[in-house]
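To start, the structure itself, in structure tokens.
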Protein chains: 2
Amino acid sequence: MIIRIETTSDVPIYTQLTNQIIEGIARGDIQYGDSLPSVRAFAADLGVNMHTVNKSYHELEKKGIIKIVPKSGAIISPSKQVTNEMNERIHSEIKPIIAEALVLGVKKEQIQQLIFSIMEEMKER
Amino acid sequence: MIIRIETTSDVPIYTQLTNQIIEGIARGDIQYGDSLPSVRAFAADLGVNMHTVNKSYHELEKKGIIKIVPKSGAIISPSKQVTNEMNERIHSEIKPIIAEALVLGVKKEQIQQLIFSIMEEMKER
DNA sequence: CAATTTGTTCTACACATTATAGAACAGTTT
DNA sequence: AAACTGTTCTATAATGTGTAGAACAAATTG
């Protein structure tokens, strides 16, 4: 799985990493039960600091996507159930973007089409 | 139009303001051609700093949503055409959220339904 | 015309975030 | 036993966020 970090981006490195790992799982590049590289190995591979990778892993754990086993590794954990908190977070994150698209003149049908095309790249579970 | 600022949020105040103004336009609370309050008046109203409101206005102008007329005011500008840059920005903002939702176990149909319900609150143009 | 209001620009300060770096620790794996 | 694991700590530099006050020139208002 290829990770691309843009140091010039205004998006923090640990967020870029978190998002690309999530997309990797959604695409099916990484399977449930797989382990992520150790924070040191991944950091060396990406050319970033160990603590930056560590922060990304903890973000993923907070989101409920991986399980960090102390002194062992980070394992992609199977999604059990969608909690209210998860639904609300998704809703509040998507809403401003939809509003912006509409205000900019994107038609509702085009937005539905955009969502569809994004989801087509990803594996259904 | 009611603006709610949460100072404890990890979302910057100027971003909260930007998003709520965009949602106000999308909902139809603010019409095209309307003026936004002056940065000083709005800041006093919201209980935040003038510069914070100013930053939000410039963010809105950068997005192509308002036109700031120097020494005059900020006017909601009609959406002319959707540029490639706009489409790409929307795509790159939505993609990680969709991926996250899928990984968390939200079904594709549920996501389409969520998008639909968000858009239902908003006025078609 | 005079006063007020407008966005703009500047300096300044406090605080939080981001990213890097190195060291040390205890538990796990090899 | 050696290597590797995540964790925790201190430290530093750069950047982002928010507030504050002052000044300016242009536009608006009375």
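Sequence lines set the chain letters: A, B, ... in the order given, protein chains first and strands last, and positions in each chain run from 1.
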- request: Would you kindly give the CG-to-P distance between A/N49 and D/dT10, to the nearest whole Å?
  value: 17 Å
- request: Starting at atom CD1 of A/I68, determine the distance to atom P of D/dT8, rounded to an integer number of angstrom.
  value: 11 Å
field: A/P96 and its side chain to side chain contact (heavy atoms under 4.5 Å, CB included) partner, picked from B/Q16, B/E93, B/E23
entry: B/E23
- line: Assert: residue with more 5' nearest nucleotide on DNA chain D, out of A/D10 and A/E61, is A/E61
task: For B/H58 and D/dT17, give me the distance from atom NE2 to atom C1', rounded to whole Å.
output: 17 Å
- prompt: What distance do B/K95 atom NZ and A/L114 atom CG have between them, rounded to the nearest 0.5 Å?
  reply: 10.5 Å
message: Check this for me, if you would: do A/K63 and B/E100 make a salt bridge, where the nitrogen-to-carboxylate-oxygen distance has to be below 4.0 angstrom?
response: yes
statement: Judged by nearest nucleotide, the residue sitting upstream toward the 5' end of DNA chain C, A/Q16 or B/P37, is B/P37
message: At 4.0 Å (heavy atoms only), tell me whether B/Y57 reaches a base, stays on the sugar-phosphate, or touches nothing.
response: nothing
- prompt: Can you get from A/F116 to B/M119 by hopping between Ile, Leu, Val, Met, Phe, Trp and Tyr side chains that sit under 4.5 Å apart?
  reply: no
query: Quick one: is C/dG27 close enough that its OP1 or OP2 comes under 4.0 Å of any side-chain N or O from A/S72?
result: no
field: Nearest-Å distance for atom pair CD1/P, residues A/I5 and C/dT18
entry: 14 Å
query: Roughly, in whole Å, what's the span from CG in A/N54 to C1' in D/dC4?
result: 15 Å
query: Is any side-chain nitrogen or oxygen of A/S38 closer than 4.0 Å to OP1 or OP2 of D/dT5?
result: yes
Base C/dG27 paired with A/K71 side chain (donor-acceptor, <3.5 Å): no
- prompt: For the pair made of CG in B/L46 and P in D/dG18, what is the distance, rounded to whole Å?
  reply: 13 Å
Per A/M50 side chain, nearest of listed nucleotides D/dT5, C/dT20, C/dA23: C/dA23
query: With a 3.5 Å cut-off and just heavy-atom distances, do the side chain of B/H51 and the base of C/dG7 make a donor-acceptor pair?
result: no
- prompt: Whole-Å distance between D/dT5 C1' and A/L36 CG?
  reply: 14 Å
- prompt: Is there side-chain contact between B/K108 and B/L102, with heavy atoms separated by less than 4.5 Å?
  reply: yes
field: Protein-nucleotide distance (B/F42, atom CZ; C/dG7, atom C1'), rounded to Å
entry: 16 Å
field: 5'-most by nearest nucleotide on DNA chain C - A/K55 or A/P70
entry: A/K55
